[in-house]
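Below, chains carry the letters A, B, ... as their sequence lines are ordered, and counting in each starts from 1.
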2 protein chains.
Amino acid sequence: MPVGFNVDEMKRLDEVVEKRRRVKQGELLFNSGDTFTSLYAIRTGFFKTCVTSEDGREQVTGFQMAGEIIGMDGIVSDRHNCNAVALEDAEVCVMPFATVEDLSRELPALQRHVHKIMSREIVRENSVMMLLGNMRAEERLAAFLLNLLQRLHARGLSQSELVLRMTREEIGSYLGLKLETVSRAFSKFSEEGIIEVKQRYVKILAPEALKKIFNPQTYF
Amino acid sequence: MPVGFNVDEMKRLDEVVEKRRRVKQGELLFNSGDTFTSLYAIRTGFFKTCVTSEDGREQVTGFQMAGEIIGMDGIVSDRHNCNAVALEDAEVCVMPFATVEDLSRELPALQRHVHKIMSREIVRENSVMMLLGNMRAEERLAAFLLNLLQRLHARGLSQSELVLRMTREEIGSYLGLKLETVSRAFSKFSEEGIIEVKQRYVKILAPEALKKIFNPQTYF
DNA sequence: CGGTCTATTGAACGCTGTCAATCATGGTGG
DNA sequence: CCACCATGATTGACAGCGTTCAATAGACCG
């Protein structure tokens, strides 16, 4: 996945992939409290990660798709700190973290790659904090859709339509909203002709209008 | 700062500290968009980090005190992604990241330490997402106070009183609340005899009550 | 074809935001 | 040294957004 490696280095990189693991829809890749051993590179499928408070409240902390890495929450305490659930049948590469560390001491490009992945996650969470702390319901949903579309487009899929892999409740948990509020925002966008919604299928009719909702000031 | 190093390794670790830098209250350690070169270890003082949206909304993403590391947001894109502002006169150790990477290839304990620091930040942001997505105003403030107290106590300060280094507005930005709401929550706690507040000075009279507000279910 | 899960929609409520006035604090300069 | 001013904090009244509760409809799956 990372670029900037020569043929020899690529061969070495195969060492970090211990094996592959299949996770069926609804099953856990890892659970909060599990001993941390490995990072996981998603080959196919779609995951959510979430944290649970002692009194049972759940917060979805992210949705991850093919090509993304999960499990970095476990490094600090040698235990996973969140749950990772497959939202559709998935396959991941298991990368024992001890091997990743050993090899990244030999390959500066891999070392740099690992650092960037973790930094990217920190920056992503920063923007989720902005979303949760400052945005209104419709802005949150617009931001969410635009982010999903951009990531799917980077994987060769359409920029103008998508099939959601998660429920309204999971979207709501991620966005700090109740499922009814998410549903209402979808309906509002639909009434305004910005999107077409049919359950999990979403078609973007007016991407500019979505961007305007997400970031009003940019469009004076 | 890290443990698990022998004398020889400690000597090598000095290499990563290029120099020290003083930052006066109100001044920036780094700005969003600045070229990323170094991580900073806070020796003394108190910082806030915040991100700004294109339309000018500001979200405080964290408060950092002595012994903590800031700047990891810059690794992914070689540019800083947030602002770091000193809330009181501060001194930091400048640690050029290239040097950190070089040395952590030789010292596995340093490598592990760097990974843990970044993972800890990811986990911290996960709990802020829980706070912003699921908690009510008073729960947020209770969580905030308990977190500050715990970190100050780990540095040898009192568990039962503290002087806030930030304004109500900055607390509100961090907690996803308006400053008036923060102020009201302080007053409410005060009326209930849980804390004593006088501007930035806060004394905890009933820590158990605070914990109960933070996490109601634990106390059936 | 029934049963369960998910999504939509309506109505009423309540928490937090908004707007505004007042007070406290700390720094500055006359 | 004190008056002054700018900044920060508190408090009140009211409005609005999102939640809550509820009913209904739709989709999926055995």
Exercise. Are OP1 or OP2 of C:dT9 and a side-chain N or O of A:S187 less than 4.0 angstrom apart?
Worked result: yes
For this session: Look at the side-chain N and O atoms of B:R200 and state whether any lies under 4.0 Å from the OP1 or OP2 oxygen of D:dA9.
Result: yes
Exercise. Is it true that B:E192 and B:K188 make a salt bridge, defined as a side-chain N closer than 4.0 Å to a carboxylate O?
Worked result: yes
Problem set entry | B:E27 and B:R22 ion-paired at < 4.0 Å | no
Seminar exercise, completed: Letter by letter from the 5' end, nucleotides 14-30 of chain D scores (B base, S sugar-phosphate only, - none; protein heavy atoms under 4.0 Å) ----SBBB-----S---
Please tabulate, for the side chains in residues 75-94 of chain B, all donor-acceptor contacts under 3.5 angstrom to protein atoms that are two or more places apart in sequence or on a different chain.
residue : atom : partner : partner atom : Å
B:S77   : OG   : B:R79   : O            : 3.2
B:R79   : NH1  : B:G33   : O            : 2.6
B:H80   : ND1  : B:D73   : OD2          : 3.3
B:N83   : OD1  : B:S32   : N            : 2.7
B:E88   : OE1  : B:R165  : NE           : 3.2
B:E88   : OE1  : B:R165  : NH1          : 2.9
B:D89   : OD1  : B:Q25   : N            : 2.8
B:E91   : OE1  : B:R43   : NE           : 3.4

Problem set entry | Ring centres under 6.0 angstrom apart (B:F63, B:F47) | no
Nearest whole angstrom, please: distance from the [atom2] of [N] to the [atom1] of [X].
{"X": "A:E169", "N": "C:dT4", "atom1": "CD", "atom2": "C1'", "answer": "15 Å"}
{"X": "A:L164", "N": "C:dC5", "atom1": "CG", "atom2": "P", "answer": "21 Å"}
{"X": "B:L175", "N": "C:dG17", "atom1": "CG", "atom2": "C1'", "answer": "15 Å"}
{"X": "A:Y201", "N": "C:dA7", "atom1": "OH", "atom2": "P", "answer": "17 Å"}

Exercise. Taking the side chain of A:V197 as its heavy atoms from C-beta onward, which of D:dA9, C:dT6, C:dT8 lies nearest to it?
Worked result: C:dT8
For this session: Please work out whether the ring planes of B:F30 and B:Y40 are parallel, tilted or perpendicular, with thresholds of 30° and 60°.
Result: parallel
For this session: Report which part of the nucleic acid A:T167 touches: base, sugar-phosphate, or nothing (heavy-atom distance under 4.0 Å, all strands).
Result: sugar-phosphate
Exercise. Side chains of B:Q64 and B:T49: donor-acceptor distance under 3.5 Å anywhere?
Worked result: yes
